[in-house]
Amino acid sequence: MTQNPIKQPTPAEWSILKVLWERGDSTVRQVHEELQKSRKIGGTTVLKLMQIMTEKGLIEKARDRRPQRFRAKLSRERSQKQFLLESLDRVFAGSAGKLVLHALSLEKASPEELHQIRELLDRLEDAESGEGQK
């Protein structure tokens, strides 16, 4: 786990993070317009959420920019890794195998994803068998 854990985002906050990851630095208005494409949400609600997210350390203000722009504090990959590790510890008692089995039983993986999973398993098995030979 990271030394300075960031609080888990709510579903609405994940939506805002997704916009910021896809668009890069954005104003509250730009985030609101993007979110409006998929659901009805007020501009003041987006502003309040983004203020809360700033306090939680999920996003940060871009310096010296007008109008004020925001960016995700962590990359999508780092965020996913951090929150997955937290869920792994809390929900699956640290068992990566249980997490993967549960995830694959809930949602069908694409052929490409299955191929990537097989490659990862092969690499892990090769590494494990290599350690055993030393």
Side-chain angles (χ1 to χ4, degrees):
M1 282 250 236
T2 61
Q3 292 178 342
N4 297 321
I6 293 175
K7 294 180 181 176
Q8 181 73 263
T10 65
E13 291 169 346
W14 276 114
S15 297
I16 291 170
L17 285 170
K18 182 179 176 189
V19 171
L20 293 173
W21 287 322
E22 291 172 0
R23 288 185 50 94
D25 292 6
S26 301
T27 64
V28 172
R29 171 176 270 161
Q30 290 169 325
V31 172
H32 175 248
E33 289 171 355
E34 193 63 34
L35 293 174
Q36 280 284 101
K37 293 176 182 178
S38 59
R39 66 185 173 134
K40 186 174 178 158
I41 186 168
T44 55
T45 301
V46 174
L47 173 60
K48 184 63 179 171
L49 284 168
M50 291 177 74
Q51 289 170 338
I52 292 168
M53 292 173 73
T54 301
E55 291 171 16
K56 288 171 80 173
L58 296 169
I59 64 174
E60 61 188 1
K61 293 178 183 177
R63 298 183 190 269
D64 303 326
R65 301 280 308 261
R66 292 283 180 234
Q68 186 66 64
R69 301 175 79 80
F70 294 82
R71 68 172 63 99
K73 201 160 185 180
L74 299 177
S75 69
R76 183 187 307 243
E77 293 75 22
R78 281 194 61 200
S79 296
Q80 289 171 337
K81 181 178 180 180
Q82 178 174 337
F83 299 121
L84 184 59
L85 285 171
E86 288 176 13
S87 295
L88 180 68
D89 287 342
R90 261 195 326 265
V91 180
F92 296 96
S95 172
K98 287 180 184 177
L99 178 132
V100 171
L101 290 170
H102 190 73
L104 289 174
S105 71
L106 292 175
E107 192 73 31
K108 183 177 169 128
S110 71
E112 174 61 27
E113 290 169 327
L114 289 173
H115 178 73
Q116 291 173 339
I117 291 167
R118 283 187 189 99
E119 285 182 344
L120 176 60
L121 289 173
D122 289 343
R123 283 195 308 271
L124 291 172
E125 286 177 348
D126 289 347
E128 189 173 294
S129 66
E131 286 179 11
Q133 293 174 357
K134 290 181 181 178

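Keep in mind that this is a model prediction, so the values were computed, not measured. Side-chain atoms are counted along with the backbone in the values below, which use heavy atoms only and exclude waters and symmetry mates.
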To the closest 0.5 Å, what do you measure between [atom1] ([X]) and [atom2] ([Y])?
| X | Y | atom1 | atom2 | value |
| --- | --- | --- | --- | --- |
| Glu33 | Ser26 | CD | OG | 10.0 Å |
| Leu17 | Arg71 | CG | CZ | 14.0 Å |
| Leu20 | Phe70 | CG | CZ | 9.0 Å |
| Asp122 | Glu119 | CG | CD | 7.5 Å |
| His115 | Arg118 | NE2 | CZ | 9.0 Å |
| Ile117 | Glu112 | CD1 | CD | 10.5 Å |

Have a look at Glu13 and tell me which of Gln8, Lys18, Lys56 forms a side-chain hydrogen bond (donor to acceptor under 3.5 Å, both in side chains) with it.
->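 So the option named by the test is Lys56.
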
Closest heavy-atom pair and its distance - [X], [Y]:
| X | Y | result |
| --- | --- | --- |
| Trp21 | Ser75 | NE1-C, 3.5 Å |
| Asp25 | Ala62 | OD2-CB, 3.8 Å |
| Gly43 | His32 | N-NE2, 3.3 Å |

Tracing side-chain links under 4.5 Å among I, L, V, M, F, W and Y, which residues wind up in one group with Leu124?
-> Leu120

According to the interplanar angle, ranging from 0 to 90°, do the rings of Trp14 and Phe83 count as parallel (below 30°), tilted (30 to 60°) or perpendicular (above 60°)?
-> perpendicular

Common cluster, Leu101/Leu104, ILVMFWY with side-chain heavy-atom separation under 4.5 Å |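 Leu101 and Leu104: separate clusters.
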
Take atom CZ in Arg29; do more than 12 heavy atoms of anything else shown fall under 6.0 Å from it?
->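 12 or below, so no.
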
Within 6.0 Å of CD in Glu107, more than 12 heavy atoms from elsewhere =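 No.
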
With Ser38 via side chain to side chain contact (heavy atoms under 4.5 Å, CB included) - residues at least two apart | none

Evaluate the criterion side chain to side chain donor-acceptor pair (under 3.5 Å) for residue pair Glu34 and Gln30; output intermediate values, then yes/no.
-> CA-CA 6 Å; Glu34 193 63 34; Gln30 290 169 325; over 6 Å; no

Give the intermediate values and the outcome of side-chain contact (heavy atoms from CB on, under 4.5 Å) for residues Arg69 and Thr27.
-> CA-CA 4 Å; Arg69 301 175 79 80; Thr27 64; 3.7 Å; yes

Is Gln36 reaching over with its side chain to a backbone N or O of Ile41, donor-acceptor style, under 3.5 angstrom?
->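 Looks like yes, one N/O pair under 3.5 Å.
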
Under the criterion side chain to side chain contact (heavy atoms under 4.5 Å, CB included), which of Gln80, Glu86, Arg78 is the partner of Gln82?
-> Glu86

Check Thr10, Val28, Val31, Leu58 against Ile16 for a side chain to side chain contact (heavy atoms under 4.5 Å, CB included) and give me the one that passes.
->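 Exactly one option meets the side chain to side chain contact (heavy atoms under 4.5 Å, CB included) with Ile16, and it is Val31.
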
Take Lys48 and Ile52 through the test side-chain contact (heavy atoms from CB on, under 4.5 Å) and record every step on the way to the result.
-> CA-CA 6 Å; Lys48 184 63 179 171; Ile52 292 168; 4.2 Å; yes

